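Here the structure is laid out as structure tokens; the discussion comes afterwards.
In this text the structure is predicted, and so the values were computed from the model without any measurement. Atoms within a ligand are numbered from 1 in the order they appear, just like the ligands themselves.
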Amino acid sequence: MQSTSTEQPITLYHRAPSRSAMARWMLEELGVPYSVRNIDVTAPDHPSAELLALNPMGKVPVLTHGDTVISEVAAICCYLADRFPDAGLAPAIDDPRRGPYLKWLFFAPGCIEPAVIHKAMSWPDAPRGMLGWASYADTMRVLVDAAVNATPWLLGEQFTAADVVVGGQVRWGLKFGTVPKHPALEAYAHRLSERPALRRQIEFDLAT
Ligand SMILES: N[C@@H](CCC(=O)N[C@@H](CS)C(=O)NCC(=O)O)C(=O)O
């Protein structure tokens, strides 16, 4: 008989602070047991053969769940929400909100992150048609609009994995000045900061 999601051990290959914080926050939202394997990305042998075997990109986070190995933080959050549906962190497959949910999950790594890095690195402009994120200004306009319409979360009353992934980018961006200090983004970040799961993740990572 196949074991259930909760019976299979979960390990997060982690580094604090980093994007991996979103994966740990997601695990805290689920309230499932997991262990953490801290990866020293400054070690001379980084990325180790062990990490490369799990993620050929040699990056964290990586999550193992039984025999499943998964990297890319948005994919990890999506996977966890689907494997632990009782936590209610994803709309069901046949829920009309599943479309916007997936859009936001992909928008974070596909648009927000490259737009922010492009700007932070002062890379030369390119025609908007060539850039999947169009431009920093367009991406920020859409992000601010999402925060204005978040009531209180991206999909309304239901907090989802998309809030972890987009919210993680917003929190990070406000901290480092890479997203505009718009009142709607600040209010959204403030609501996120009141979530007990996020507080636990921050506390655990500070203790690491
Ligand atoms: N696209 C990856 C990016 C992961 C990533 O860049 N992780 C950084 C930490 S924030 C890392 O592992 N850095 C160490 C390295 O690149 O060697 C994701 O979204 O999970």
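Of the protein's heavy atoms, His46 NE2, 2.6 Å lies nearest to atom 17 (O) of ligand 1. Of the protein's non-hydrogen atoms, Val60 N, 2.9 Å is the one closest to atom 12 (O) of ligand 1. The protein atom (non-hydrogen) at minimum distance from atom 13 (N) of ligand 1 is Lys59 NZ, 3.8 Å. Ranking the protein heavy atoms by distance from atom 1 (N) of ligand 1 puts Glu72 OE1, 2.6 Å first. At the shortest separation from atom 9 (C) of ligand 1 among protein heavy atoms lies Ser18 CB, 3.6 Å. Here the protein heavy atom with the shortest distance to atom 10 (S) of ligand 1 is Arg19 NH1, 3.0 Å. Here the heavy atom of the protein found nearest to atom 20 (O) of ligand 1 is Val73 N, 3.0 Å.
Under a 4.0 Å N-O distance rule, the pair Asp138/Lys119 does not qualify as a salt bridge.
At least one side-chain heavy atom of Phe84 sits under 4.5 Å from a side-chain heavy atom of Ile10.
The distance from ligand 1 to the heavy atoms of Val41 drops below 4.0 Å at these ligand atoms: 14 (C). Numbered from 1 in the order shown, with element, the atoms of ligand 1 that lie under 4.0 Å from a heavy atom of Pro61 read 20 (O).
The main-chain N or O of Ala146 is never found under 3.5 Å from a side-chain atom of Asn149 such that the two would form a donor-acceptor pair.
Aromatic ring pairs are classed by plane angle as parallel below 30°, tilted from 30° to 60° and perpendicular above 60°; the pair Phe176 and Trp172 is tilted. Using a 30° and 60° split on the angle between ring planes, His118 and Trp133 fall in the perpendicular class, above 60°.
Residue pairs satisfying the salt bridge (charged side-chain N to carboxylate O under 4.0 Å, His left out) criterion with at least one member in residues 14-32, sequence neighbours excluded, are listed as follows: Arg19-Glu113, Arg24-Asp205, Glu28-Arg200, Glu29-Arg195.
A search for side chain to side chain donor-acceptor pair (under 3.5 Å) contacts involving Ser48 returns nothing, not counting sequence neighbours.
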